[in-house]
Every structure is written in C-alpha cells, then in structure tokens.
2 protein chains.
Amino acid sequence: MNTELILANIAKHISLDKNEIDFFLSLLKPEEVSKKSVLLKEGQLCRDINFVHHGTLRAFYMGKEAKESTIMFAVADWWITDMYCFINQKPAMLTITAVEDSQLFRLRKEDLDRLYLQVPKFERFFRIIMQNAYIREQLRIIENLSLSAEERYTNFLSRYPKVAQQVTQKQIASYLGITPEFLSTLRANKRIK
Amino acid sequence: MNTELILANIAKHISLDKNEIDFFLSLLKPEEVSKKSVLLKEGQLCRDINFVHHGTLRAFYMGKEAKESTIMFAVADWWITDMYCFINQKPAMLTITAVEDSQLFRLRKEDLDRLYLQVPKFERFFRIIMQNAYIREQLRIIENLSLSAEERYTNFLSRYPKVAQQVTQKQIASYLGITPEFLSTLRANKRIK
DNA sequence: AAAAGCGCTTAAGGTACCTTAAGAAATTAT
DNA sequence: ATAATTTCTTAAGGTACCTTAAGCGCTTTT
C-alpha cells in the first residue's frame, strides 16, 4: 500500500520536510479489510482515526428496534472515525464497517497526540479537517430541515456519485432518513417524469 | 465590556503569555447590539467570527416560501458565524440576529489568519473548537434521523435550558424542524401526561 | 443445484407531522 | 393606554412518509 495518496492529502493543507514525513508515516498502521468486516463496534473503545486509501467505509448508528441511521460514508481520500468517542476515549456510539474490500491507514489517538506535540503543523491540518467536517455536517442539517426526501436524494446523487455506485439503496435510504421502500417509490416516480 | 470571559474561554484549551494575550485582545472588536438587530444577512460577505460575551444570538437559513430553519443558537461563552462563508469569504447562506440585547467580540477573518501565523497555539485552540462543533452537529444529525419530534424537544430542553428560556417556541420549532403549531400540540400532550 | 438469505419493488392501509384558519394572550409600537 | 403586531393555542382536513406484506431477482451458503 503506497503512501502517495495520504501524503498528498496532507500536502493540501500543510507542507512537511523529510523528517516530519518519516515521523508521520511511522505512526500509521496500514490495514486491509474485506467487505462486511467491522472496524469499530458500538460500545467498543474507539482507538483510531482511519484514512481510506482504497474502498468504501460506512459509519452508522443503531437506534431502537434495529433501525440503522447512516452517519457517513467514506471513500478513498477521506478520514473517518467516531469523533466523539475517539477524542474522549469513550465507548463508541457508532459502528463502522467496510462496504467493499478496502485499504486503510489507522492512526491511534495516543500517536496523534504525540504528532501534535512533535509537529505542531498537524494542529493546523486537523483544524482544517475538522472545520470542513463541521461545515459539511451543518450543510446536511440545513438540507434535512429544509428539503423534501426527493430533493435530498437528488443532492446526494450529484454530490457523492462515487459513493452512490458502491452502496445499496437501503444504505442510501438510511443516510437520507427514509425507509428503503419509500426511496424505491421516489425512484419510480423519477423514472416516469 | 471586560475580557475575563473570553480569556477564560481560550484558557480552557491553550495557555498564553502576556504578550500573546495583548496581541489577541488587540484584534477583537467589542460590540453591543440590541434585540432584533441583524449581524449578518444572507448574501452579505461574512467577515467575522463572533464570541458572545452576553446575550443570545440565532443563526437561521431562509428556505423557500419564507420558511426559516434555525441552525444554531449561541449564548454567553459561545462562538458563532456562518463558518462556510467565513472561511471561504463567500456570500452568506445564513442570517444571524440578536434574540435579545447582546454584547460580543468580533474577530475578522484577516485578523484570525494573522493570529494563526503569529501565535500558532491558536491553531490548536480552533482545532478543538471545530472538533467540538463537528461532534455537536453530528450528534444533532443522529437525533434528527433516529428520534421523534417529541424526543428531540425533550432533549433540547435538557441540553439547552438557558436557550429555551430566551427564545420563542416558533424559534425552537424551527430548530427542531417542525411547525410551531405541532410543537404546541406536543407541549399540550406533555402537560396532560 | 438447491436452498437460504438479502436487496429491490409494488401496493394497501396507517401515522406523524403539515396547512389553513381563527381566536386568545402577550409583546411592541403609537 | 390603545392600537398594532406577533406569539401561542386549538382544531379540522391533508400529505409525506411509514408499516406490513408479498413477489421477484441476486448473491451467498450448503
């Protein structure tokens, strides 16, 4: 698993010298996971933040009566974790699984904390990552409050075309906050129009 | 308007020496705004991030047919802006108004950028602020996807009791994503139980 | 290659929440 | 104080979306 993608991801926001790059890479644990494998299970301690090198991951919350709510999908070049439990080292609220065979780099909380101390530029890097995540979640809230299910579905398809190809409609429905049956009728209506 | 509250807010996450404190304070513009005044209007350039020293602010999105969606409330000790437009210096999607007479400190985008360069510890500070904001928004998404309107209302009251006292039910309804009429019937049902 | 399981669709009936409307209560303006 | 606005409530009728159920096509397991 080569490191070009993750280094390019970092280089979008900060520049590192050779020593800093080596130190950063020494903290990463590459991992290959197969489809349907579980990276984090609700109730477990969430020890890592994950960078997706290849493949697709999905984080979901399991509510009452086995109802799943998909919180996020992550494809190549994305970071994903249960941020609340990762930062506070509390039992996870979310479950994270592989939608397809995937390759990742894992970074442990204690190693990230060392990284912040040794290479403070990473404070800037993750400040920007968190900022973008905040903006994205806020935009999703705006859409959830102000748009119909059909409009949210259309937006999802245009915003995340790659994700839409990899995941099932059941999973898309659970991201949009509707049932798979209702998504199916929305799609049927769209076809007719 | 004294600076104890905002300095204590900063000190929760980083410690500054006297020079750094003075430089930081020199960038802030204290401002008193009266109830109903508009701090940021949709379409305007969003130049500042605001720290609430006293009072209550509200950020909302105006959808079709004059339907407002409240994105956030901010009481004393909170930071608020339209983050997307503040960071990218684009026209605002959100409108921010004062729910009651309020006192704030404003920090301009260009001054924040200078602050990051001169006192890199602020990268850490805002990394943590953004991280908390991200976690909060994600929790709100989980609740919006998995809970009923009544459960969300109960959670809102217990999580933000001070806000609930300051704002109207119309505004709470628009935060929860329901109509004021429906919130009213929920409250009537609760009283009977 | 059958069986079992899961994903997608369609349809009928149900419920949470919306729309419209109108009156009472509270707040703001004159 | 009075008038004017806005907020909150109640109620009737409507719609977006849910639940249950059944059938069909895939994929996975035996």
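Atom set for the values below is all heavy atoms of this structure, side chains included, hydrogens, waters and symmetry mates excluded. So that the names make sense, note that chain A is the first sequence line, chain B the second, and so on, each numbered from 1.
For B:Tyr175 and B:Phe156, the ring centers are positioned less than 6.0 Å apart.
Using a 4.5 Å heavy-atom cutoff, the side chains of B:Ile6 and B:Phe24 are in contact. With a 4.5 Å cut-off on side-chain heavy atoms, A:Ile49 and A:Met83 count as touching.
Note on B:Lys35: only backbone sugar-phosphate atoms sit closer than 4.0 angstrom, heavy atoms only; bases stay farther off. Counting any heavy atom pair closer than 4.0 Å across all strands shown, B:Ser184 reaches a base atom.
Classified by interplanar angle (parallel below 30°, tilted 30° to 60°, perpendicular above 60°), the ring pair A:Trp79/A:Phe125 is perpendicular.
Annotation: A:Arg47, atom CZ; neighbour count of heavy atoms from other residues, nucleotides and ligands within 6.0 Å does not exceed 12.
If B:Pro180 and B:Lys36 are placed on DNA chain D by their nearest nucleotide, the residue sitting closer to the 5' end is B:Lys36. Place A:Gln169 and B:Arg152 on DNA chain C by their nearest nucleotides, and A:Gln169 ends up nearer the 5' end.
A sub-4.0 Å separation between OP1 or OP2 of C:dT9 and a side-chain N or O of A:Arg187 is present.
Between B:Glu181 atom CD and C:dA21 atom P there is a gap of 12 Å when expressed in whole angstrom units.
A:Tyr160 and A:Phe60 sit in two unconnected hydrophobic clusters of ILVMFWY residues. Membership requires side-chain heavy atoms under 4.5 Å apart, directly or through other members.
Put simply, chain B comes within 4.0 Å of DNA chain D, heavy atom to any atom, from D:dT7 to D:dT10, going 5' to 3'.
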